Amino acid sequence: KVLLAMSSSSKGFNPFSPSGGSSSSAGGIPADISSKVKYETQLAVLQDLAKITSRTCFNTCVSSPGATFSKAELACINRCGDRFLEATQVVGKTFLQTIAAQQSKD
């Protein structure tokens, strides 16, 4: 959900689009390299989010680790993960709106 929301709302690197590499972005960095850096940065943020979500939800929902999860633990983990994603989407959307508002002022 988060990956789709981020990729549809930003103009990041698309590994499937042909890039001639001849165009240049601000600062003299080739656009294809700049896009790849943005993509890798977004990917790293999503991986960190997944680690934080997993750790937090596991610690919150699993009282005594065993070979399997109980039904209550699974339900708790699912709810926790959903809330984390919803909160991340709200924060991300607000962040993008703030950036857009600042750019429109400039």
Side-chain angles (χ1 to χ4, degrees):
K1 292 178 184 177
V2 174
L3 179 59
L4 292 175
M6 289 182 78
S7 63
S8 65
S9 65
S10 64
K11 296 180 181 179
F13 169 68
N14 181 350
F16 303 109
S17 79
S19 171
S22 59
S23 63
S24 181
S25 64
I29 299 171
D32 59 334
I33 293 174
S34 178
S35 294
K36 288 177 185 178
V37 169
K38 288 179 186 176
Y39 172 78
E40 292 297 328
T41 302
Q42 288 178 348
L43 184 59
V45 168
L46 290 174
Q47 288 172 336
D48 285 344
L49 177 64
K51 288 178 190 175
I52 292 168
T53 303
S54 296
R55 186 179 311 122
T56 301
C57 292
F58 183 84
N59 290 339
T60 301
C61 298
V62 180
S63 56
S64 56
T68 60
F69 295 119
S70 70
K71 288 182 182 181
E73 289 170 334
L74 286 173
C76 179
I77 290 169
N78 286 330
R79 279 192 311 274
C80 179
D82 288 346
R83 298 299 87 79
F84 241 98
L85 288 175
E86 288 172 7
T88 301
Q89 288 175 338
V90 169
V91 169
K93 183 178 178 181
T94 303
F95 179 71
L96 291 175
Q97 289 172 343
T98 303
I99 289 174
Q102 287 176 349
Q103 288 176 346
S104 68
K105 289 180 184 179
D106 295 339

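Predicted, not measured: the structure shown is a model, and the values here were computed from it.
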Can you give me the closest heavy-atom contact between Thr56 and Thr60, atom names plus distance? O-OG1, 2.8 Å
How many angstroms lie between atom CD1 of Ile33 and atom NZ of Lys38, to the nearest 0.5 angstrom? 13.0 Å
Which pairs would a plain distance check flag for residues 43-51, meaning a side-chain donor or acceptor within less than 3.5 Å of a matching protein atom at least two apart in sequence or in another chain?
none

Specify the closest pair of heavy atoms between Glu73 and Thr68, including all atoms of both residues, with the distance to one decimal. OE1-O, 4.2 Å
Does Leu74 have any side-chain contact (heavy atoms from CB on, under 4.5 Å) partners at least two apart in sequence or in another chain, and if so, which? Phe69
Apply side chain to side chain contact (heavy atoms under 4.5 Å, CB included) to residues Thr53 and Leu85 and explain how you reach the verdict. CA-CA 9 Å; Thr53 303; Leu85 288 175; 5.9 Å; no
Any chance the SGs on Cys76 and Cys57 are under 2.5 Å from each other? no
